[in-house]
Every structure is written in C-alpha cells, then in structure tokens.
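Nothing here was measured: the structure is a model prediction, and the numbers come from that model. Both counts, for ligands and for their atoms, begin at 1 and track the order of listing.
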Amino acid sequence: MLKVYNTLTRSQEEFKTIEPHKVRMYVCGPTVYDHAHIGHGRTYIVYDCILRYLTYKGYEVKYVRNITDIDDKIIKRANDEGVVFSEISETYTASYNEDMANLGLLPPAVSPQATTTIKGIIQFIETLIQKGHAYASDGDVYFSIPACKEYGKLSRRRTEDLKVGARVFPGEKKKDPLDFALWKKAKPEEPSWDSPWGKGRPGWHIECSAMAKEHLGESIDIHAGGQDLIFPHHENEIAQSEAANEAQFATYWFHNGFVNINKEKMSKSLGNMVNLKKLLSKFHAEAIKFYMLSFHYRSPIDFSDGAMEEAARGLDRMYRVLLSVPPSPEKVEPEGSFRERFEEAMDDDFNSAKAMGVLFEMVKEINRLQRKKETLAQAGAMKDLFVELGGVLGLFQANPEEYFKNRPAEGDLDATKVEQLIAERAEARREKNFDRADQIRDELTAMNVVVEDSPEGTSWRIKG
Ligand code: AMP
Ligand code: ZN
C-alpha cells in the first residue's frame, strides 16, 4: 500500500485517487529567466521518479509541468539586456527543455505556458470577483484575504502573525496588507495583455491555478514543487482555486527538499550556483539522478563535487557488473524478495534512497551468481529485474557498453589506478607503514586527487 507524506496534513497517508487508477499531477515549473541549476534538476528528477513509480503501480498519470514565462525577473533581465521579454523567456525555455530531455526525464503530458493561458487566467479572476473574493483597484486586481477563512492552512501561518510583517508598497492600492495581486496594471514599457481592467499582466500564483484547472480540472490528486513554494505560492494557489471552484484543490501536496552548496543557499550573489548544463557536460545524466535519488526526496542535499564524483563512480561500478552479464534467455522472476522490498521502500513515501539500497544488494547478488556457470542464467534473470526496477527510478536505461563509451570521462584520470593506490595506502596504514602511506598520498596529490578520510572510510575527489 502506497503511503505518501502530505504537507497539507503534515502526515503520511494512504494514497487514494479521485478517479480510480488515474492520477492528476501538477508540478510547478521554472520561471525562465536563466539557465537551470542543480536545484531545478533535483526537483524535476524527484517528480519524474514519482511519476515513474505511480505508472509502475498501474496508475494512468496525467502529468502537467508548466512554464512561468512572464514574471518580474524575466522583465528585469530583458530590460537589463535591452531585449523584449519573450526573447529571454524563449531562450531559457528552450534551454530548460533541453536539460530536462538530456537528463532523460519523461516529458509531461502538457507543458503549458502562462502567456498562452491569459484567457483562462482572466476568466478565473472574473469568477473570483463575482464570488466576492477579489476586487479591482485602479487597473490592478487583488485577492481578498479577509474573505478567505482557511488562509494559511497549508503553511500553518496565522493571518494575525502575517499581518505583523506585511506592508503595502507604493503604488499598490490594496484594502488589506495581506491581499495579493492577481492582475498587475501595465507599467510603461512592460509587456501587457488586454483585460476587463485595462492592460496588464497576471500575477504568478493565479497562473498556476488557471493552468492546473485548464489541463487537469478543478480538483487534482497531486500538486508539487520545492519546499520554498509552500508559502506564499502554494498557499495562494489554494486560496484562489478553492474560492473560485468551491472544491478541494489538491488532495496531496508534495514538497521536495532543497539543494544547498556547502550548507549555504545557492545564489547568484554568493557565486555558488551549479549550472545543470555544465554538470551534464561533466557527468552522465544518470550519475546526476543517481546522486539526487540517493536521498529521500524531502531531505535537503548538501551538494559537493566530491559526493557527485563518488556517485558517478558508484554508478560506474554498477554498470561494470551489468556489462559482464548476458541477459537471461527466458523471462523468469529471480529468487529472493527484491521486488517486494523495492516496492516496500517506494511505498514508504517514495523512499528512493532505501530502494537504491535494494538495487545495491541486487548488484552484489548478480556478481555472486555470475561467478559460477550453473548460476549464470539466474544472474541474467536478476539483471533483468535490476534493469526493470532501476528504470522505475529512471536509472540503468543505457546499454552498458554505450554508457562507458558516452559518459564524460574524469579528464585523463585513471579512476582504477586511483582506487588501487587508495587501497594500497589503506593497507600501508594498517601495517603502520606511514612513510609508504604518505608517499602514496603525495602521488595522489600529484594526480590532482584529494583524499578524505572519515569514520565511514576513505573517499576521493578531483581537486576543483
Ligand atoms: P523557480 O524557477 O525558482 O520558480 O524554481 C522552479 C522549481 O525549482 C520550484 O519547484 C523550486 O522550488 C525549485 N527549486 C529552486 N531552487 C531550488 C533548490 N536550490 N533546490 C531544490 N529545488 C529548487
Ligand atoms: Zn506554481
């Protein structure tokens, strides 16, 4: 039985869909004003894995992942570069789509854009005004928080507390400081669309409410995004959608953990952004997925080059085993409870980390079975199951030979040689031959390899 953690109830619940065997899933897409970074990578890797697992469980999933292609940040970048906003949004939409495809993520059923949903957005806002949940004010339209009794139910914030920090910016004509914009009156030189309230553009939150309704209907099963979206984005989406539709918007709210760099938030100002394209040029897409999915999706990840390299080597080791085993001639379910344990892990709130542990054990088992001629067929059967279950995580989909041919190599570095030296060094240390151990360390340093010893063992990385 699949159990999922729901941010709305702050608990694990049995997964039940609105319509039997069907899942309607909406994931907030990126705001396209720059190239995607590793945080975007993680987010969409996580939901790709969830999509694959639900499909594996027999659900027919309609997956919608939007593109926010009109926003302050896009306009700012366009102004800075002296180009029209669409040049920025089109460039980075293409860049993002390319990255998602290169990561090998399944394409969503629909990838709607805010700018092509303007009609639906305007209708949505009109409904909110008619129902007394929104009001026009000098070309802007605001959502009225005092009229929304359940406001704060997702983020568990109280309107009294929110009021303390709220303020009205110059030019905003709100009735209440917590009210937020559904429609923003056009400023000179800004992109705008005609509306009943004059020329303007939509606010970010209403875009998602309208796109979800247009492509999935009034009530959906899953709504997801990164943890930063809980407030205000998703809180406001709930407020808008439930006020307009008078129905529960989403049954389950999933929020994935952030990717930080050395425990710091990734940001342009800190200059620590890890660009996804750059990472894809250095590592096989599956190595990036392998790294990201080795954590539970709700946990934070403290990204480091060393751990990324370690993950790539781990994947290499697993592919090396696959390389040596022929596929089994007939389809048989191998012995052992690997499939059950894999499902048990994934049924436990999509615990891909635990599921990967099962895959590790399977590799060991394949290795063992392939050593003897009599068990070679069993090794093949185990490998087939391994590839099938790996595929549920979006992994092990490459032909092993192709994998080794195509994956970016770690420069001119001979990883086998490095591992040999590290093993030799460990041996020297065990024998208390510290001179030899130091000598090997120097040799590794000369190869630009940094060795790190910890209670869990020794790891290495290339000096960045
Ligand atoms: P944005 O383009 O900033 O709206 O982000 C698109 C999606 O990526 C949202 O679901 C964000 O929550 C998610 N996201 C942004 N930054 C990170 C990060 N550092 N780690 C994980 N997810 C992120
Ligand atoms: Zn959204």
Side-chain angles (χ1 to χ4, degrees), residues 7 25-48 50 63-74 76-77 88-89 92-93 95-97 99-100 103 105 108 110-114 117 121 124 154-155 180 182 202-216 220 222-241 249-250 253-270 272-276 279 288 291-293 295-304:
T7 309
M25 170 157 138
Y26 185 95
V27 174
C28 289
T31 304
V32 280
Y33 67 100
D34 207 343
H35 294 294
H37 54 63
I38 183 65
H40 297 124
R42 182 195 192 180
T43 296
Y44 303 115
I45 287 169
V46 157
Y47 298 115
D48 179 71
I50 289 178
Y63 176 35
V64 177
R65 193 179 68 200
N66 76 289
I67 301 275
T68 298
D69 62 348
I70 180 73
D71 180 83
D72 291 347
K73 290 179 191 142
I74 298 170
K76 182 175 180 307
R77 177 127 195 197
I88 297 294
S89 58
Y92 295 110
T93 301
S95 163
Y96 160 83
N97 285 336
D99 293 349
M100 296 299 112
L103 273 176
L105 306 189
V110 200
S111 184
Q113 290 162 280
T117 316
I121 293 171
F124 206 113
L154 179 72
S155 59
F180 61 87
L182 299 170
W204 175 31
H205 318 303
I206 195 73
E207 294 172 5
C208 280
S209 279
M211 286 186 269
K213 183 172 182 172
E214 193 158 308
H215 299 285
L216 295 170
I220 65 178
I222 300 171
H223 195 128
Q227 261 160 11
D228 60 323
L229 299 190
I230 298 175
F231 188 86
H233 187 52
H234 288 164
E235 192 71 66
N236 291 356
E237 277 192 53
I238 294 182
Q240 298 160 160
S241 294
F249 181 30
W253 288 85
F254 297 168
H255 293 100
N256 60 283
F258 251 47
V259 179
N260 299 315
I261 312 289
N262 299 323
K263 308 222 161 44
E264 275 185 315
K265 213 179 150 165
M266 219 184 323
S267 78
K268 272 211 172 130
S269 52
L270 288 172
N272 62 356
M273 308 281 288
V274 179
N275 176 290
L276 193 51
L279 204 65
I288 301 172
Y291 181 20
M292 297 291 141
L293 296 173
F295 294 81
H296 186 276
Y297 85 91
R298 286 190 285 115
S299 308
I301 296 182
D302 194 26
F303 181 90
S304 75

Is the distance between the ring centroids of Phe254 and Tyr47 less than 6.0 Å? no

Taking atom 14 (N) of ligand 1 as the reference point, the nearest protein heavy atom with its distance: Thr43 OG1, 4.0 Å

Nearest neighbour in protein (non-hydrogen) for atom 8 (O) of ligand 1: His40 CD2, 3.4 Å

Suppose I only count heavy atoms of Asp228 and a 4.0 Å limit; which atoms of ligand 1 are within that range? 11 (C), 12 (O)

Shortest protein contact, atom 10 (O) of ligand 1 (heavy atom only): Gly226 N, 3.0 Å

Please check whether Val259 reaches ligand 1 - meaning an N/O of the residue sits under 3.5 Å from an N/O of the ligand, judged on distance alone. yes

Around atom 21 (C) of ligand 1, find the nearest protein heavy atom and jot down its residue, atom name and distance. Gly39 O, 3.4 Å

With a 4.5 Å heavy-atom cut-off, do Tyr63 and Val27 have their side chains touching? yes

Would one find an N or O of Thr31, backbone or side chain, under 3.5 Å from an N or O of ligand 1? yes

Write out the residue and atom name of the closest protein heavy atom to atom 17 (C) of ligand 1, then the distance separating them to 0.1 Å. Phe258 CZ, 3.5 Å

Metal check, the Zn ion (ligand 2) vs Cys28 N/O/S, cut-off below 2.8 Å: yes

Within the 4.0 Å heavy-atom shell around Leu229, which atoms of ligand 1 are there? 9 (C), 10 (O), 12 (O)

For Trp204 and His233, take the angle between the two ring planes, folded into 0 to 90°, and tell me which bin it lands in: parallel under 30, tilted 30 to 60, perpendicular over 60. parallel

Which atoms from ligand 1 have a heavy atom of Gly225 less than 4.0 Å away? 10 (O)

So the atoms of ligand 1 within less than 4.0 Å of a heavy atom of Pro30 turn out to be 2 (O), 6 (C)

Strictly under 4.0 Å, does any heavy atom of His37 approach an atom of ligand 1? yes

Protein heavy atom at shortest distance from atom 6 (C) of ligand 1: Tyr44 OH, 3.4 Å

I'd like to know if the side chain of Arg42 and the backbone of Gly257 have a donor-acceptor N/O pair within less than 3.5 Å. yes

Compare all side-chain heavy atoms of Ile238 with those of Trp253 and state whether any distance is below 4.5 angstrom. yes

Mind checking whether Ala224 has a heavy atom under 4.0 Å from ligand 1? no

Suppose we only allow N, O or S atoms; which atom of His233 ends up nearest to the Zn ion (ligand 2)? NE2

What I'd like to find out is whether the side chain of Met292 reaches to under 4.5 Å of the side chain of Ile38, using heavy atoms alone. yes

